[in-house]
Q: 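Before we start, here is the structure in question, set down as structure tokens.
Here is the naming used below: chain letters follow the sequence lines, and residue numbers restart at 1 for every chain. In this text the structure is predicted, and so the values were computed from the model without any measurement.
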Amino acid sequence: MSAKKRDILVTSGLLYANGPLHLGHMVESIQTDTWVRFQKMRGHNCMYVCAEDAHGTPIMVRAQDEGISPEELIARFDIEHRADFVDFAIGFDNYYTTHSPENRELTELIYRRLRAGGHVTSRVIEQAFDPIKEMFLPDRFIKGECPRCSAPDQYGDACEVCGATYAPTDLKNPVSMLSGAKPIYKESEHYFFKLQNFEPMLRAWIRHGHVQPDVINKLDEWFTQGLREWDISRDAPYFGFEIPDAPGKYFYVWMDAPIGYMASFKNLCSRTGLDFGAYWDKDSSTEIYHFIGKDILYFHTLFWPAMLAGANFRTPSAVFAHGFLTVNGQKMSKSRGTFITARTYLSHLNPEYLRYYYAAKLNSRVEDLDLNLDDFVARVNADLIGKLINIASRCAGFINKRFDGRLSDTLPESALYEQFVSAGEQIAKNYEAREFSRVVREIMILADQANQYINDQAPWVIAKQSGHQAELQGICTQGLNLFRVLVGYLKPVLPLTAEKTEAFLNIKPLDWQTLKTPMTAHTINVFTHLLTRVEQESVDAMLTATRLEQDTMNKDKPATGPLVDEPIAEEVSIDDFKKVDLRLARIVKARPVDGSNKLLALTLDLGGETRHVFAGIKEAYKPEDLEGRMTVMVANLAPRKMRFGVSEGMVLAAGPGGKELWILSPDEGAPPGSRVT
RNA sequence: GGCUACGUAGCUCAGGUGGUUAGAGCACGGCACUCAUAAUGCCGGUGUCGGUGGUUCGAGUCCACCCGUAGCCA
């Protein structure tokens, strides 16, 4: 262990002040908090700051919808988020907001320096504009049909059905999600950060151990595509900071968000007297680490270091990305009832169960982490209750009852204790490297050894023999000392259990150094429940509650579905309906149409008469699957001349279109030509 | 669609630079124990290492393609 005291600043990703925290957010907070607590236990000066991400269109729009100011909205989520973090024992040294004077000042400073350095340019671009709401629309606020596969209801940047990416101008039948109006296109001057100016600097930076090895490949891909200018401005109305010397223009939320890390730290400095410059100046020798999710690598490994370098600040020591959370092997999903919020979890389960389970599965790589709820129950109960807490539970009774809480003066097996102490260096290395799953594995191997020791010594046998009082006291003292070391090693993961243990053992807060000396000739308190088993019923109750919340939310939201997308048409009389002559037909032949990616040419047998019909169902059906099938057609529709020939009728089908289209089939037995009445 | 990563026992995961019969925990079966909110210890079986082909004396480990999962596409 290096005796040198390190100065470390740690951040985790900002939380968007637009919705509740869920168990996916907690992966990052727990990972970061565990690492920070470890550094503090090692005696380093480690500060953990974070903030609410408070700007941008979604927040502005939501506040409008709720009839409140954005400030009121972000204040509400700030309170909710803080409470969630406190209850999960996330020990921020400062939790702030990007909507702060410090952040405005720093954002303006960085912008001015970038501009002075020639790294900012401006030009007029064309952008979608909602004529009713009178505001420019982000891509995610425009929906329409995919230009490639015609899937309806797709966002302006990518199609979730076929995976195509495109510009919102490519969408067919685009509508604004805010007003339902068709967007128009308007010109506006935008400001750009010239990221490409920093390519050599960034290429060097990522090769010097500042990012994980598996991230370098991804970054190489971006370099290969070429770095492009980054649009850092948005037009009013926008909730954010106005750009200096540019009235009506605001900084894009992603511009001031990472600066929020600095602002939160600056706020901490003003409260505690820490030296801001010692951490952020260009020649700073302190360490700065950002823990983030893999989805925001681009911002943290390219834009952010480039912005800092361009504004004459130091760059981060490292960016640590983690994967996403899945629940029972699948993406968290509201419809599957696995979109579990932090608060719902907390109302049913102990936060340390989750801290332990995540730690047991986290490593230094950018890998997704699965919360398997059956495994969660089994693992927590087996490891924490069966192995760890049990050690104390099986020793404490004897010490409390037979020796009035008094531990023996020496350890009977000091070599075993020394072995536990020396294992601490490897555990520390793995903590430092964020290999928490290895940490947990190593600690559990030690816990097994402690249980073996007690089994071998059989204190319950000794207890029945007269004259072996000192031996009994020694065995239990040994067991409690091993337990104390294990809890010490797990303290970054289980701070609350560690605190209860410290109270039970009647000792000062554990750190890495104090573990090296055993606790002897000392009086402990009466053993109390340090941690209880996870009950399957609690997990079930949490899932039930999650489903209920989801149902409630769905009721509040306007329904979606075919009836909403296309309301039932105007009433007609039976005579009107009878004008349409629907007939059963057998599809005798189906073939693709040259030059059309939507149409199939169908030959239909009406039981004596043959019709040729073009049907727009090519994306939904293979021709060979249709041949021989019965279906329903409009038989008296006026023939229509098309580019590919004449269509003599129409086949009935339902669905929004594209791949989502289903033709009608009659029950078996009805002969072709039968009229539908 | 392009790119990146991942895909090992029923479950959750280990398996630097390719090398004897592929490992651990949980679960499961047997035995022991009873101090412990049944918690512990000992013994035991378990896998065509996603698929196909290739490089090699030898591949879970390297290469190609395919399938599946996740993310990114500013």
Q: Answer with yes or no after comparing the ring centroid distance for A:Phe193 and A:Phe198 against a 6.0 Å cut-off, counting only values under it.
A: yes
Q: Taking B:rG60 as the reference, what is the distance to B:rG7 when you measure between their C1' atoms (whole Å, please)?
A: 12 Å
Q: Side chain of A:Asn451: nearest nucleotide among B:rA70, B:rG41, B:rC35?
A: B:rG41
Q: Does anything in residues 367-396 of chain A pair up under ring-ring contact (aromatic ring centres under 6.0 Å, His included), and if so which pairs, sequence neighbours excluded?
A: A:Tyr357-A:Phe376
Q: Could you label the plane-to-plane angle of the A:Tyr431 and A:Phe38 rings as parallel, tilted or perpendicular, counting under 30° as parallel and over 60° as perpendicular?
A: parallel
Q: Using a heavy-atom cut-off of under 4.0 Å over every strand shown, decide if A:Gly479 touches base, sugar-phosphate, or nothing.
A: nothing
Q: With the side chain counted from C-beta on, respond yes when A:Gln473 and A:Leu407 share a heavy-atom pair under 4.5 Å apart, and no when they do not.
A: no
Q: Rounded to whole angstrom units, what separation is found between the CD1 atom of A:Ile445 and the P atom of B:rC26?
A: 12 Å
Q: When both hydrogen-bonding distances must be under 3.5 Å and the geometry is Watson-Crick or G-U wobble, what is B:rC49 paired with, if anything?
A: none
Q: Taking atom P of B:rC73 as reference, at what distance in whole Å does atom CG of A:Asp139 sit?
A: 11 Å
Q: Would you mind reading off the distance between A:Asp448 atom CG and B:rC43 atom C1', rounded to a whole angstrom?
A: 16 Å
Q: Of all the nucleotides listed (B:rU34, B:rU40, B:rU12), which has the minimum atom distance to the side chain of A:Asp375?
A: B:rU12
Q: Give none if B:rA24 has no partner; otherwise give the nucleotide forming a Watson-Crick or G-U wobble pair with it, both distances under 3.5 Å.
A: B:rU12
Q: Please state how far atom CD in A:Gln212 lies from atom C1' in B:rG71, giving the value in whole angstrom units.
A: 14 Å
Q: How would you label the contact of A:Asn363 with the nucleic acid (heavy atoms, under 4.0 Å): base, sugar-phosphate, or nothing?
A: sugar-phosphate
Q: Less than 6.0 Å separating the ring centroids of A:Tyr261 and A:His300?
A: yes
Q: B:rG60 pairs with which nucleotide, Watson-Crick or G-U wobble, both distances below 3.5 Å?
A: none
Q: Take a 6.0 Å sphere around CG of A:Asp456 and say whether it holds more than 12 heavy atoms from other residues, nucleotides or ligands.
A: yes
Q: Heavy atoms under 4.0 Å, any strand shown: does A:Gly386 hit a base, just sugar-phosphate, or nothing?
A: sugar-phosphate
Q: Closest nucleotide of RNA chain B for A:Leu302 versus for A:Phe527: which of these residues is on the 5' side?
A: A:Phe527
Q: Under 4.0 Å between a side-chain N/O of A:Arg394 and OP1 or OP2 of B:rA38, yes or no?
A: no
Q: Please work out if A:Asp374 contacts a base, only the sugar-phosphate, or nothing of the nucleic acid, heavy-atom cut-off 4.0 Å.
A: nothing
Q: Checking base pairs now: Watson-Crick or wobble, both atom distances under 3.5 Å. What partners B:rG1?
A: B:rC73
Q: Sticking with atom C1', work out how far B:rG45 lies from B:rG30, rounded to a whole angstrom.
A: 12 Å
Q: In the strands shown, is B:rC6 matched to any nucleotide by a Watson-Crick or G-U wobble pair with both distances under 3.5 Å, and which?
A: B:rG68
Q: So, does A:Lys361 get its side chain near the phosphate of B:rC13, meaning an N or O under 4.0 Å from OP1 or OP2?
A: yes
Q: Residues from residues 433-444 of chain A sitting under 4.0 Å of RNA chain B, heavy atoms only?
A: A:Arg438, A:Arg441
Q: Can a side chain N or O of A:Gln452 be found less than 4.0 Å away from OP1 or OP2 on B:rC42?
A: yes
Q: Determine, using ring centers only, whether A:Phe303 and A:Trp254 are less than 6.0 Å apart.
A: no
Q: Pick the P atom in B:rG2 and in B:rC65, then give their distance to the nearest Å.
A: 11 Å
Q: Side chain of A:Asp370, heavy atoms from C-beta onward: which of B:rA70, B:rC13, B:rC35 has the nearest atom to it?
A: B:rC13
Q: Rounded to whole Å, how long is the line connecting atom CD1 of A:Ile292 with atom C1' of B:rC72?
A: 12 Å
Q: To the nearest Å, give me how far apart CG (A:Leu388) and C1' (B:rG25) are.
A: 15 Å
Q: Less than 3.5 Å apart, which donor and acceptor atoms pair up between the side chains of residues 53-60 of chain A and the rest of the protein, not counting sequence neighbours?
A:
{"from": "A:His55", "atom 1": "ND1", "to": "A:Asp256", "atom 2": "OD1", "distance (Å)": "3.2"}
{"from": "A:His55", "atom 1": "ND1", "to": "A:Asp256", "atom 2": "OD2", "distance (Å)": "3.1"}
{"from": "A:His55", "atom 1": "NE2", "to": "A:His99", "atom 2": "ND1", "distance (Å)": "2.8"}

Q: In whole Å, measure the gap between the C1' atoms of B:rC42 and B:rG19 for me.
A: 34 Å
Q: Kindly point out which of B:rA14, B:rA38, B:rA36 is positioned nearest to the side chain of A:Asn390?
A: B:rA36
Q: Looking only at atom P, what distance separates B:rA5 and B:rC62, rounded to whole Å?
A: 12 Å
Q: Both A:Lys387 and A:Val461 contact RNA chain B. Taking the nearest nucleotide for each, which residue is further toward the 5' end?
A: A:Lys387
Q: With rounding to the closest Å, how many angstrom separate the C1' atoms on B:rU48 and B:rG44?
A: 24 Å
Q: Tell me if the aromatic rings of A:Tyr250 and A:Phe241 count as close, with their centers under 6.0 Å from one another.
A: no
Q: Using whole Å, report how far CG of A:Asp368 lies from P of B:rU4.
A: 17 Å
Q: If I take atom CG in residue A:Leu384 and atom C1' in nucleotide B:rA36, what distance separates them, rounded to the nearest angstrom?
A: 16 Å
Q: Between B:rG54 and B:rC13, how far is it from one P atom to the other, in whole Å?
A: 33 Å
Q: Within 45 degrees of the ring normal and closer than 6.0 Å to the centroid, is that where the cationic atom of A:Arg123 sits relative to A:Phe192?
A: yes
Q: In whole Å, measure the gap between the C1' atoms of B:rU21 and B:rC35 for me.
A: 41 Å
Q: Base, sugar-phosphate, or nothing for A:Asn381, non-hydrogen atoms under 4.0 angstrom?
A: nothing
Q: Which nucleotide, in any strand shown, forms a Watson-Crick or G-U wobble pair with B:rC33, with both distances under 3.5 Å?
A: none
Q: Tell me which nucleotide among B:rU12, B:rA14, B:rU40 gets nearest to the side chain of A:Asn372.
A: B:rU12
